[in-house]
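Data block below; observations after.
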Amino acid sequence: MAMTHSPVRRVVDYAVLSVLAFVFALPALYLFLGSLKPSDEVLDGLSGFLPVHLSFDNYAAVLDSLNSDSTGYFWQFMGVSVLLSFVVVTGGLIVNSMAAYGLTRLKWRGQNAVFTLVLLLMLIPFESVAVPLFYMFNGQRNTLFIQALPFVANAFAIYQFHTFFRKIPPSIEEAARLDGAGPWRTFFAIIVPMSRPVFASVAILTFLIQWGSFLWPVLMVSDPSVRPLPLEMSVFQGQQPPDWGQILAFGVLLVLPVLVVFAFFQRWFVEGVASSAVKG
């Protein structure tokens, strides 16, 4: 029997959720308002939420200060981050979805052992293998290739695809085989179009991780020409004396692409979350 809620209960639920949403949005609001204020008014506690003395001067100052060969170019740092994120997200969607399909739908010896290994890899934090990877690829430092390579294959993404593919009825693939479709055609023509929610979920989560990647660039990048945006923000923040208005403006510029990507994939992402909640 379907559960029903009274109008009062529904109003209370929405009120509580609205309050929680507002509380969680406060840091983002402070970030945005602070980016529009003079530096000496940014760190004023709760008065930082007051929308006074607002301007876009901090944004212009950030772009002007990162516009020379000696400091590097802001749009170059942005371009490096966009390129790395595109490569990791696109490559990851292809590699991890195909790996998950092979582990879920194809039958072969050692399949369960390999999937168990994937689950074990999820338990290993990247920080624990960062130093060994640094020594393995030390000769490839200051390249875009080495910044993207370790993050294309991802155990958690494989697990997400694996979980979603298991819920697809096998009869669909059996019908495709009867029509003469092989594993490759079945995967790309049938499974992929049916799996847009999980592809969107994995794309957003992978983009978030890659866009905010900091430890690996710190170890592998010293050349400003291949420096991603989060690493450049650390360099920018370390300048003395710190201009907090400009630092917050830099933070807003760093966050904007994340909001754009989420807005683009939002519908499929919500579908994937709702589907997992219902079927789980």
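Quick note: numbers below take in every heavy atom, side chains included, and nothing from hydrogens, waters or symmetry partners. Bear in mind that the values here come from a model prediction, so they are computed numbers and not experimental data.
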Arg9 versus Asp13: any side-chain heavy-atom pair under 4.5 Å?
yes
CD of Gln237 to CG of Leu248, rounded to nearest 0.5 Å, is 9.0 Å
Within-4.5 Å side-chain heavy-atom neighbours: Pro224 and Gln76
no
Please check if the side chain of Thr104 supplies one atom and the backbone of Tyr101 the other of a donor-acceptor pair under 3.5 Å.
no
Determine whether Phe115 and Leu119 make a side-chain contact, defined as any pair of heavy atoms from C-beta on separated by less than 4.5 Å.
yes
CA sep, side-chain torsions, deciding dist, call: Trp211, Leu229, side chain to side chain contact (heavy atoms under 4.5 Å, CB included)
CA-CA 8 Å; Trp211 188 260; Leu229 207 55; 4.1 Å; yes
Hey, any chance Val235 and Met233 share a hydrophobic cluster, counting ILVMFWY side chains that come within less than 4.5 Å of each other, even indirectly?
no
State the CZ-CZ distance between Arg196 and Phe164, to the nearest 0.5 angstrom.
10.0 Å
Answer yes or no: are there more than 12 heavy-atom neighbours, outside Tyr59 itself, under 6.0 Å from its atom OH?
yes
Between side-chain atoms of residues 202-209 and protein atoms elsewhere (two or more places apart, or another chain), which donor-acceptor pairs fall under 3.5 Å?
| residue | atom | partner | partner atom | Å |
| --- | --- | --- | --- | --- |
| Thr206 | OG1 | Val202 | O | 2.7 |

Restricting to non-hydrogen atoms, name the atom on His53 and the atom on Pro38 that form the minimum distance, rounded to 0.1 Å.
O-CD, 3.5 Å
For Ser225 and Asp223, the nearest pair of non-hydrogen atoms, with its separation, is OG-OD2, 2.9 Å
Once rounded to the nearest 0.5 Å, what's the spacing between atom CZ of Phe161 and atom CG of Asn154?
10.0 Å
Let me see the working for Leu103 and Phe165 under side chain to side chain contact (heavy atoms under 4.5 Å, CB included), right down to the final yes or no.
CA-CA 10 Å; Leu103 290 169; Phe165 291 161; over 6 Å; no
Step through the shown structure and confirm whether more than 12 heavy atoms of other residues, nucleotides or ligands are within 6.0 Å of CZ on Phe134.
yes
Within 6.0 angstrom of Phe49 CZ, more than 12 heavy atoms from elsewhere
yes
Any link between Val82 and Val226 through a network of hydrophobic side chains (Ile, Leu, Val, Met, Phe, Trp, Tyr) touching at under 4.5 Å?
no
Hydrophobic clustering (ILVMFWY, side-chain heavy atoms < 4.5 Å, transitive) - are Val152 and Met122 grouped together?
no
Begin with the C-alpha distance, continue with both residues' side-chain angles, and end with the deciding distance and a verdict on side chain to side chain contact (heavy atoms under 4.5 Å, CB included) for Gln210 and Trp216.
CA-CA 10 Å; Gln210 177 58 36; Trp216 189 239; over 6 Å; no
What is the minimum heavy-atom distance between Leu63 and Phe74, and which atoms define it?
CD2-CD2, 3.5 Å
To the nearest 0.5 angstrom, please state how far the CD1 atom of Ile247 sits from the OG atom of Ser35.
12.5 Å
For atom OH of Tyr159, is the number of surrounding heavy atoms from other residues, nucleotides or ligands below 6.0 Å larger than 12?
no
Do you know which two heavy atoms are closest between Glu41 and Lys37, and how far apart they sit?
O-CD, 4.2 Å
Rounded to the nearest 0.5 Å, what separates atom CZ in Arg105 from atom NZ in Lys107?
8.0 Å
Ser39 to Asp243 - nearest heavy-atom pair and separation:
CB-OD1, 3.3 Å
Could you give me the CA-CA distance, side-chain angles and deciding distance for Ile191 and Glu173, then say whether side chain to side chain contact (heavy atoms under 4.5 Å, CB included) is met?
CA-CA 8 Å; Ile191 300 299; Glu173 294 163 279; 4.1 Å; yes
Heavy atoms only: give me the nearest Asn138-Arg141 pair and the separation to one decimal.
OD1-CD, 2.9 Å
Parallel, tilted or perpendicular: which fits the ring planes of Phe236 and Phe250, with parallel below 30° and perpendicular above 60°?
tilted
Does any non-hydrogen side-chain atom of Met194 lie less than 4.5 Å from one of Ile172?
yes
Ring pair (Phe, Tyr, Trp, His ring centres under 6.0 Å) evaluation trace for Phe126 with Phe151
CA-CA 10 Å; Phe126 178 76; Phe151 305 102; 5.1 Å; yes
Donor-acceptor under 3.5 Å (Thr90 side chain, Val87 main chain)
no
Check whether any side-chain heavy atom of Leu231 lies under 4.5 Å from a side-chain heavy atom of Phe77, and answer yes or no.
no
Taking atom CH2 of Trp108 as the centre, does the number of heavy atoms from other residues, nucleotides or ligands within less than 6.0 Å exceed 12?
yes
For the CG atom of Leu106 and the CD atom of Gln111, what is their distance to the nearest 0.5 Å?
7.5 Å
Using the rule that Ile, Leu, Val, Met, Phe, Trp and Tyr join whenever any side-chain heavy atoms are under 4.5 Å apart, tell me whether Val114 and Ile124 fall into a single cluster.
no
Are Val198 and Val118 joined in one hydrophobic group, where the rule is that I, L, V, M, F, W and Y side chains link up if heavy atoms are under 4.5 Å apart?
yes
